[in-house]
Amino acid sequence: MPSTRQNIVAASLLAADFAAFADEVSAVEKAGIDWLHIDVMDGHFVPVMAITAPTVAALRPRTKLPLDVHLMIENPSAHIADFAKAGADCLTIHLEADCHAHRTLTEIRRLGIKSGLALNPGTPLSQAEPLLHLCDVLLIMTVNPGFGGQKFLHDQVPKIAAARELIDTKFTASNEARPLISIDGGINPETAAICRSAGADVYGAGSAIFAAEQHQYAARIAGIRGE
Ligand code: DX5
Ligand code: ZN
């Protein structure tokens, strides 16, 4: 793997035990997770509802891990200040949910946090190209967003490879503005390995980590990391 590539595992709390949230967070933290991935859903952009800013604020003092907040919501610009105040380290919006994504990504950075742009499986990479210089993270969905536990979409692998090539061409290795390529949905050790070969940097996984006993989390995380 070239030195500019990263190998970050983010645990998607959507698959955690919601009745023992803080406990689940410390279990994955002890197990060596890199980031916490927090899925926010509004019942409009995606069919179901999950997690709001007060939950992020409640988690913030419980962990030092980066809070990677994935906003699967319409009109994200109306909510970014709330999530920044709640303690998010990175806020990812969906391109499909915001016709003013350029402005919203700029505003997220102005709030002093990392900016992310997510693409649904049906959205071509070309639509993200004019926005890449405003992104710290490019999130390529490998399922249609809305639910945990779905099957990895292999037809998204060429998009990951194309994003790697585009980013490596557009940004020099020393350029701090180079966005990380993150993937989300259906990630397990096998699908993570496929995405690693295609050029991903960040692996978001929910069920592959949390559908296990807490003492098994470290092994699950290592498996996704390819160790
Ligand atoms: C899907 C969410 C994902 C999801 C991943 O809409 O954005 O983060 O929780 O869950 P798994 O790893 O179970 O596919
Ligand atoms: Zn997510």
Side-chain angles (χ1 to χ4, degrees), residues 8-18 21 24-25 28 31 33-53 55-56 59 65-74 76 79-80 83 88-98 114-123 135-157 159-160 180-196 200-212 216-217 219-226:
I8 293 166
V9 182
S12 169
L13 293 178
L14 198 60
D17 178 354
F18 272 45
F21 226 35
E24 291 280 65
V25 167
V28 282
I33 199 72
D34 301 301
W35 292 1
L36 294 177
H37 181 91
I38 301 174
D39 290 303
V40 177
M41 306 190 184
D42 66 354
H44 293 278
F45 181 69
V46 288
V48 295
M49 296 197 278
I51 310 187
T52 53
T55 308
V56 176
L59 280 177
L65 290 169
L67 302 181
D68 171 35
V69 176
H70 179 192
L71 296 176
M72 286 166 276
I73 62 175
E74 297 287 357
H79 303 280
I80 56 175
F83 282 97
D89 294 281
C90 180
L91 273 182
T92 294
I93 61 164
H94 267 264
L95 181 54
E96 306 82 6
D98 191 348
K114 305 264 188 223
S115 59
L117 182 68
L119 302 181
N120 279 342
T123 304
C135 299
D136 297 297
V137 173
L138 175 67
L139 175 56
I140 295 176
M141 293 302 302
T142 42
V143 296
N144 284 290
F147 308 95
Q150 300 183 80
K151 213 168 166 302
F152 178 83
L153 294 172
H154 285 268
D155 63 2
Q156 295 305 297
V157 176
K159 197 197 281 187
I160 299 167
L180 295 172
I181 299 175
S182 180
I183 48 158
D184 184 13
I187 297 303
N188 57 40
E190 291 72 40
T191 54
I194 294 168
C195 296
R196 189 168 292 111
D201 298 296
V202 184
Y203 305 85
S207 21
I209 295 172
F210 289 106
Q216 296 169 322
Y217 289 178
R220 295 286 182 106
I221 293 164
I224 293 163
R225 212 180 262 129

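Whatever order the structure lists ligands and atoms in, that order sets their numbers, starting from 1. Because the structure is a prediction, the values reported are computed rather than measured.
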Quiz prompt | Closest protein heavy atom to atom 10 (O) of ligand 1, given as residue, atom name and distance to 0.1 Å | solution = G148 CA, 3.6 Å
Quiz item: For ligand 1, which atoms sit closer than 4.0 Å to a heavy atom of A205?
Solution: 12 (O)
Quiz item: So, does E96 use its side chain to make a donor-acceptor pair with the main chain of T123 at under 3.5 Å?
Solution: no
Quiz item: What atoms of ligand 1 come within less than 4.0 Å of a heavy atom belonging to L14?
Solution: 9 (O)
Practice problem: May I ask you to identify the nearest protein heavy atom to atom 9 (O) of ligand 1, giving residue, atom name and distance to one decimal place in Å? | Solution: S12 OG, 2.8 Å
Quiz item: Do H70 and D68 have side-chain atoms, one donor and one acceptor, less than 3.5 Å apart?
Solution: no
Exercise. Output yes when a side-chain donor or acceptor of T142 lies under 3.5 Å from a complementary backbone atom of L153, and no otherwise.
Key: no
Practice problem: Could you find the nearest protein heavy atom to atom 13 (O) of ligand 1 and give me its residue, atom name and distance? | Solution: S207 OG, 2.3 Å
Practice problem: Go through ligand 1 atom by atom and flag the ones less than 4.0 Å from a non-hydrogen atom of H70. | Solution: 7 (O)
Quiz item: Hey, which atoms in ligand 1 end up nearer than 4.0 Å to a heavy atom of G149?
Solution: 11 (P), 13 (O), 14 (O)
Quiz item: For the side chain of R225 and the backbone of Y203, is there at least one donor-acceptor N/O pair under 3.5 Å apart?
Solution: no
Quiz item: Quick one: does E24's side chain have a donor or acceptor within less than 3.5 Å of a partner on L13's backbone?
Solution: no
Quiz item: Do any N or O atoms from the side chain of T191 and from the backbone of G186 form a donor-acceptor pair under 3.5 angstrom?
Solution: yes
Quiz prompt | Short N or O distance, G186 and ligand 1, threshold 3.5 Å exclusive | solution = yes
Quiz item: Is it true that a side-chain atom of D136 and a backbone atom of G116 form a donor plus acceptor pair closer than 3.5 Å?
Solution: no
Quiz prompt | Check against side-chain contact (heavy atoms from CB on, under 4.5 Å), V28 and F210 | solution = CA-CA 9 Å; V28 282; F210 289 106; 3.7 Å; yes
Quiz item: With the Zn ion (ligand 2) as the point of reference, which N/O/S atom of H70 is the closest?
Solution: ND1
Exercise. Check each atom of ligand 1 against the heavy atoms of M72 and keep those under 4.0 Å away; list them by number with element.
Key: 6 (O), 7 (O)
Quiz item: What atoms of ligand 1 come within less than 4.0 Å of a heavy atom belonging to H37?
Solution: 8 (O)
Practice problem: Could you tell me the residue and atom name of the protein heavy atom closest to atom 12 (O) of ligand 1, and the distance to it rounded to 0.1 Å? | Solution: G206 N, 2.7 Å
Quiz item: Looking at D184, which of its N, O or S atoms is the nearest one to the Zn ion (ligand 2)?
Solution: OD2
Quiz item: With a cut-off of 6.0 Å (strictly less than), are more than 12 heavy atoms of other residues, nucleotides or ligands near NZ of K114?
Solution: no
Exercise. Taking the Zn ion (ligand 2) as the reference point, name the nearest N/O/S atom of D39.
Key: OD1
Quiz item: Can you tell me which residue and heavy atom of the protein come closest to atom 2 (C) of ligand 1, and the distance to 0.1 Å?
Solution: D39 OD1, 3.5 Å
Quiz item: Who's the nearest protein heavy-atom neighbour of atom 8 (O) of ligand 1, and how far?
Solution: D184 OD1, 2.6 Å
Quiz item: What atoms of ligand 1 come closer than 4.0 angstrom to any heavy atom of G185?
Solution: 14 (O)
Practice problem: Would you check if the side chain of D42 reaches a backbone N or O of E74 as a donor-acceptor pair within less than 3.5 Å? | Solution: yes
Quiz item: Of the protein's non-hydrogen atoms, which lies at the shortest distance from atom 1 (C) of ligand 1, and what is that distance?
Solution: F147 O, 3.6 Å
Quiz item: Hey, does the side chain of D34 reach the backbone of A10 with a donor-acceptor pair shorter than 3.5 angstrom?
Solution: no
Practice problem: Verify the distance criterion only: is there a donor paired with an acceptor across the side chains of S12 and D184 at less than 3.5 Å? | Solution: no
Practice problem: Could you list which atoms of ligand 1 come closer than 4.0 Å to a heavy atom of P145? | Solution: 6 (O)
Quiz item: With only distance considered, is G146 within less than 3.5 Å of ligand 1 through an N or O on each side?
Solution: yes
